[in-house]
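Everything numeric here is computed off the predicted structure, so don't read it as measured data. Remember, it's 1-based here, ligands and their atoms both numbered in the order they're listed. Because only heavy atoms are used, hydrogens play no part in the values below, and waters and symmetry mates are left out as well, while side chains stay in.
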Amino acid sequence: MVAQSYYSMVKAVWRWGSLTTPKPLYPRPLHPRFNSFSFSLFARLSSQSSYTEKQNLFLMGPPGAGKTTVGRIVGCRLGLPVIDVDDDILEVKWKMPVAEKLSELGSERFLEEEGKALSDFSAVGSVVSLTGSNPLHSGTMQQLKSCGVVVYLDVDTEDIMRRLSTMKVNRIVGQGPDVSMRDILRFRQHFYNQWFDTRVLCGSGDTADEVAEKVLQALRRYQDSESETFVSTRGCLSKGTESASDAKYFSDVVIEGLAPDGGLYVPNRGFPKLDACNWLRMLGMSYPERAATLLEKCIHPLDVPAAQLYRMVHKAYGENFVSPSIAPVRHLISNQYVQELFHGPTASFKDLALQLMPQLFAHCLPQMCNYLILVATSGDTGSAVLNGFSSLSDADRQRVGVLVFFPEDGVSEIQKRQMTSFGEGNARAVGVASDFDFCQRAIRQMFGESGLTGHLAVEYATMLSTANSINWARLLPQVVYHSSAYLDLVSDGVVQFGDPVDVCIPTGNFGNAMSAMYAKQMGIPIRKLICASNRNNVVADFIATGEYDLRGRPLVASHSPAIDILKSSNLERLLFHVSGRDSQLVRDLFSSLEKKQYFKVPGALLERIQHDILAGWCSEVECMAAIREVHLSTGYILDPHTAVAKVVADRLQDRTCPVVISSTAHHGKFAPAVLKALELQGPTGTPLDQLDRLTSFGSRPLAHNALLKCLRESGNRPHLVCPADISILAEQVETMIQESFCKVY
Ligand SMILES: *Cc1c(COP(=O)(O)O)cnc(C)c1O
């Protein structure tokens, strides 16, 4: 599309400018929104004045979607001429009905002729109803896309089948003796998904008028991109007073991560709320289709074009996941269900975000500028980030890389092997002879050192960035699996759409929990969010008392190390929303936390939190007992984090509705603790021996193949271990940049 290539151009121009003036660290690319020439058609939508339309509006979709009828209504509403490709172009040119031409030529030659017939398409400012087969011709579509916006009328295949049987359509292009209509429709969806600029999700009972209204809404959103901005939880500008030049868009917040004022970014207008019709349409969809549908509504197409987002999502949630359902929900016992979030390549729920986030990140970067992402990890994040970034396309890998620092003696053997299988290329892990805190401090110091960042920018056109769990692009993809869990329960007849469910989550940084709150904002009827802590129970205490108190509270190691966290960073987003976006309050609370290791929220605020959220915690003994008991009674093996949630759900959930327990890791990833819980002799032997022993039970869930494969292949791979010296870590940064990025002259 015109606007997009212009965007790339602007980004490129910005980038060359930045080479001579490498500061600040996070310069913002000019945004396509400041490029106004290509959207003149839509000026009409907001101000019915000028008549400078150059762009067309193309309606695309399967036969029977209503393109012709809807096109007439939309044309009438916008006061624009309407062109029906079948009636006004093809039949006029061929001087015979399209169906006749099809049976005369056969499908293949028909497509060719259809393409040729549009090669001299020159209309401007029209509403154009395409044929169902136009999108199969890529030359035609490229040409059309350059002179308009393509709106996809997305109708469920079964609806189309019904409609076609009542219409007189009995043959469509591509259909033959051994290819069914249904197969053809499915096949074509790939093409529709390749070409659309904006999607209109049509419900089973929608009238043409309703679809036309949705088309106008979709166009309005497409045009009105400037309102989808982000604000900082600590910002002074949260009341909509920001000027256009200060506005932060999706692309900006993905690259920046943390807001300059130390706050976290949240969407200024909250989340779009979907109606039941939209949710019901998603019942029959696969996980990636659900993800594309939901994320399209949360990411403006000018930040990430919807067709591109569709491709990213299908790459993120494909065969890299062991289970084709990606995040399946299983019945555990009585009213309890587990959502298995561990089928990704590194066996923890972090894959759900980190298989997608790097693609979003790479897309949002200014063209031809290199980025190196520095990550300090104490466990699951490291391998998930490495895996996500290493699967970027070749072109992206030459300019986006990730370097993980982990405490050599502070991660489990399995986690270490997962990370050290990445030793070269654009994703690397380096051990540090110190603890997690040191790794984190080292990274922070590198960011703050203008000598280093300036040097990297000038010499290698490389910026440093981070990918921690406060980044919006890590939180957003998680909204999808909470929504998907509910849709699965509806599909399976456990609940009717609209019935409430509770969700119980082992909580560390509150990212998983926060995304459940966002799913609720989008319209998923989550009644209570239940947060489960281990004995590092600062969050549970906070929800109970309103006091967040770190004083005299040392971090203690547990069997569920991923939630051994005291500063639960995403809680800041919760406080911002629940306080009615009171950024002053958020600033005060977190400055108090920094200075006094303590804050207390006002009583009214606490009440509102408690209305939505329950929280509890689980001791080490209870966690171990839960793993053992659940295995005895159901044959299912919980990982220790999931077990923490199970214990808290047993204690706090009132059993008046189903509860979905987030299973955030595969039990094999924490084999020593699980073996101990199952009271099978001590966890001896290599990690592989331990996994084999767990596998020998034949219990559910099955062994995690990617985990096994990683352990088999990694053996005792030697890896780099750096001394606890920040200048040596900085050298690693430069070495990696030299070795893995294209040098820019
Ligand atoms: C990261 C992690 C968590 C904590 O998730 P938050 O979003 O930080 O609350 C829980 N369980 C496992 C296995 C994890 O890796």
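- Scanning for salt bridge (Lys or Arg N to Asp or Glu O under 4.0 Å) contacts around R441 gives an empty result, with sequence neighbours left out.
- In the model, T664 has no side-chain atom that pairs as donor or acceptor with a side-chain atom of S662 under 3.5 Å.
- Side-chain contact annotation: Q418 with N387, donor-acceptor N/O pair under 3.5 Å absent.
- Scanning for side chain to side chain contact (heavy atoms under 4.5 Å, CB included) contacts around V660 gives Q339, A485, L489, with sequence neighbours left out.
- Judged by distance alone, the side chains of R573 and N570 do bring a donor and an acceptor atom under 3.5 Å apart.
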Does ligand 1 have any N/O atom under 3.5 Å from a protein N/O, and what are those pairs and their distances?
from     : atom 1 : to   : atom 2 : distance (Å)
ligand 1 : 7 (O)  : G511 : N      : 3.0
ligand 1 : 7 (O)  : N512 : N      : 2.8
ligand 1 : 8 (O)  : N509 : N      : 2.7
ligand 1 : 9 (O)  : G508 : N      : 2.8
ligand 1 : 9 (O)  : N509 : N      : 3.2
ligand 1 : 9 (O)  : F510 : N      : 3.0
ligand 1 : 11 (N) : T664 : OG1    : 2.8
ligand 1 : 15 (O) : K350 : NZ     : 2.5
ligand 1 : 15 (O) : D380 : OD2    : 2.6

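- With sequence neighbours excluded, no residue satisfies salt bridge (Lys or Arg N to Asp or Glu O under 4.0 Å) with K567.
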